[in-house]
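Notes follow once the structure below has been shown.
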Amino acid sequence: MEFTASQIASFIDGKIIGDENALITGVSPIENGESGHLSFIAQDRFSHFLDTSKCSVIIVSEKLLNENNYIPTLIVVKDAYLSFQVLMNLYQEMRGRKEGIEDGSSIHDSAVIGDQVYIGAFTYVSEKAKIGDGSQIYPHVYIGKGVKIGKNCKIDSGARIYDYCIIGDNCVIHSNTVVGGDGFGFQPTAEGFKKIPQLGNVIIEDDVEIGSNCSIDRATIGSTIIGKGTKIDNLIQIAHNVKIGQNNVIAAQAGIAGSTTIGDWNQIGGQVGVVGHIKIGNQVKIQAQSGVNSSVNDRETLYGSPAISYNDYLRSYVHFRNLPGIVNRINNLENNSKDHTNE
C-alpha cells in the first residue's frame with residue numbers, strides 16, 4: 001500500500017511540517033530508517049533522529065519539536081506512540097480478514113458456525129462446538145466438544161481448546177497454546193500418585209489475549225477463569241481453579257499455582273512464581289523473578305524471592321552487596337574486642 005503524508009495525517013489528526021505529498025511505501029524503526037518509509041518518535045532520547053533519520057516521514061510528539069529546519073516531513077501530534085498504534089490498527093484492518101472453510105478441515109455436523117467465519121485447513125471442530133460471527137480459526141487448530149468461541153476471535157495455528165471451554169468475544173489465542181488441559185491433580189497413595197479427575201473447564205472472558213505456548217488448565221470442579229481485558233504473554237502456566245480478574249498483564253514465563261485468586265489491574269513480571277491458594281489484590285506490581293508465597297494487599301509493589309516490599313528489597317540488597325565488607329568489619333571489631341579484653 002502507498003500513502004501520502006497528508007493521508008496519514010488525516011487518520012491521526014496530525015499537523016504536517018514539510019511536504020504533504022511525500023509518499024510512504026513502508027515502515028521502519030527510527031534507528032534503521034529508509035527513504036520512502038514512515039517512523040515515529042515519542043521520547044526525548046530518540047529526538048536526535050529528527051536530524052539524522054533517512055525516513056521520509058516521521059510522526060513526532062509536539063513536545064519534542066524545536067526551531068530546527070528538519071529534512072524529513074513531520075506529522076506533529078500530541079502523542080506519537082498512541083498515534084502510531086492507531087495507524088497500525090488501521091493498517092491491519094485494511095489487510096482484510098479471511099473468510100470461508102478451507103479444504104481439509106473437519107467440522108462435526110452438530111457444530112454451529114457463525115457468519116463470516118474462517119476455518120483453516122486441517123482444523124478439527126468437534127460436536128456441539130459453537131464459533132461466533134467473524135471469528136478466524138487458523139490451520140491445525142483443535143476445538144473440543146461443546147466449546148464456545150465468541151465473536152471476532154482469532155485462534156492461531158496449533159492452538160488446542162479442550163472440551164467445554166468457553167471463550168468470549170474479541171479474544172486472541174496465539175499458536176501452540178493449550179486451553180483446558182488437565183490440572184495437575186494427584187493423590188498420594190501407598191501404590192503411588194493416583195490421578196484426580198479434572199471435570200471443570202476454562203472460561204476466558206471478552207478482550208483477552210493469550211500468547212504462544214501457554215497452558216491454562218481446566219478446573220478440578222468449576223472453572224479456571226481469565227477476566228476481561230487481561231493480557232498474557234508467551235510461555236505462561238496457569239493452574240487449575242485459578243481466578244484472574246480484569247485488565248491484568250502477565251509477562252513471559254510466569255507461573256500461577258492452583259486455586260490462587262488475582263484481582264484487577266495487576267502487573268506481574270517475567271518469571272514470577274505464585275504459590276497456590278493465596279489471594280493477590282488489585283493494582284499490585286510484582287517485579288520480574290519474584291516468588292510470591294503469601295497473600296498480597298491492594299496496591300503493593302513486591303520484589304525478591306520470597307517477595308517482600310519493593311523498597312525494603314532495594315534497601316536490603318544494598319547491604320547484601322556489601323556483605324563481605326560488613327563481615328570483615330564485624331570480624332575486626334570482635335578481634336579488637338578480644339585484644340582489649342586480654343590486656
Would you say the side-chain atoms of N266 and N248 include a donor-acceptor pair closer than 3.5 Å? yes

S39 (side chain) donor-acceptor with I58 (main chain) under 3.5 angstrom: no

Strictly distance-based, threshold 3.5 Å: is any side-chain N or O of S212 a donor or acceptor partner for the main-chain N or O of H174? no

For K145, does the NZ atom sit with more than 12 other heavy atoms under 6.0 Å from it, leaving out its own atoms? no

For T301 and Q287, work out which heavy atoms get closest and say how close. CG2-NE2, 3.6 Å

Can you measure from OG1 (T261) to CD1 (I280) and round to the nearest 0.5 angstrom? 9.5 Å

Looking only at the side chains, is there a donor atom on one of S223 and N201 sitting less than 3.5 Å from an acceptor on the other? yes

Within the distance-only criterion (no hydrogens, no angle test), does the side chain of S110 pair as donor or acceptor with the backbone N or O of K128 below 3.5 angstrom? yes

Are the side chain of R299 and the backbone N or O of N297 linked by a donor-acceptor pair below 3.5 Å? no

With rounding to the nearest 0.5 Å, note down the distance linking CG in N234 to CG in N213. 7.0 Å

Checking the side chain of N282 only, and the main-chain atoms of D264 only, is there a donor and an acceptor separated by less than 3.5 Å? yes

Assess whether atom CD of E127 is packed by more than 12 heavy atoms of other residues, nucleotides or ligands within 6.0 Å. yes

One should read off an interatomic distance between C55 SG and L74 CG, to the nearest 0.5 angstrom, of 11.0 Å

On a heavy-atom basis, the closest approach of N152 and S135 is N-OG, 3.3 Å

Within the supplied structure, the quantity of interest is the number of heavy atoms (other residues, nucleotides, ligands) at a distance under 6.0 Å from I221 CD1; does it exceed 12? no

Check: L64 main-chain N/O paired with S61 side-chain donor or acceptor under 3.5 Å: no

F40 and F46: aromatic ring centres closer than 6.0 Å? no

Ignoring hydrogens, what is the shortest heavy-atom contact between I286 and S290? Give both atom names and the distance. CG2-CB, 3.7 Å

Can you tell me if I71 has over 12 outside heavy atoms packed within less than 6.0 Å of its CD1? no

Going by side chain to side chain donor-acceptor pair (under 3.5 Å), Y118 matches just one of E102, R97, K154, Q136. Which one? E102

Would you say CD of E31 has more than 12 non-hydrogen atoms from neighbouring residues, nucleotides or ligands within 6.0 angstrom? yes

For the atom pair CD1 (I12) and CG (L90), what is the distance rounded to the nearest 0.5 Å? 9.5 Å

Please list, chain by chain and in numerical order, all residues satisfying salt bridge (Lys or Arg N to Asp or Glu O under 4.0 Å) with D19, sequence neighbours excluded. none

Looking at A9, is its backbone amide N or carbonyl O close enough to the side chain of D13 to form a donor-acceptor pair, meaning the two atoms are under 3.5 Å apart? no

In the single-linkage hydrophobic clustering (I, L, V, M, F, W, Y; side-chain heavy atoms under 4.5 Å), do V172 and V208 co-cluster? no

Quick one: list whatever passes salt bridge (Lys or Arg N to Asp or Glu O under 4.0 Å) with R329, sequence neighbours left out. none

Test: ring pair (Phe, Tyr, Trp, His ring centres under 6.0 Å). Region: residues 284-311. Which pairs qualify, not counting sequence neighbours? Y303-Y310, Y303-Y313

What are the two closest heavy atoms between T25 and H37, and how far apart are they? OG1-CD2, 4.3 Å

Strictly below 4.0 Å, N to O, side chains only: are D44 and K63 in salt-bridge contact? no

Return the CD1 to CD1 distance between I143 and I167, rounded to the nearest 0.5 Å. 7.5 Å

Under 3.5 Å side-chain donor-acceptor pair for Q198 and T220: yes

Looking at CD1 of I41 and CD1 of I30, how far apart are the two atoms once the value is rounded to the nearest 0.5 Å? 4.0 Å

Please check if the side chain of S259 supplies one atom and the backbone of H277 the other of a donor-acceptor pair under 3.5 Å. no

Polar side-chain atom of D169 near backbone of D206 as donor-acceptor pair, under 3.5 Å: no

Between the side chain of E205 and the main-chain N/O of G227, is any donor-acceptor distance below 3.5 Å? no

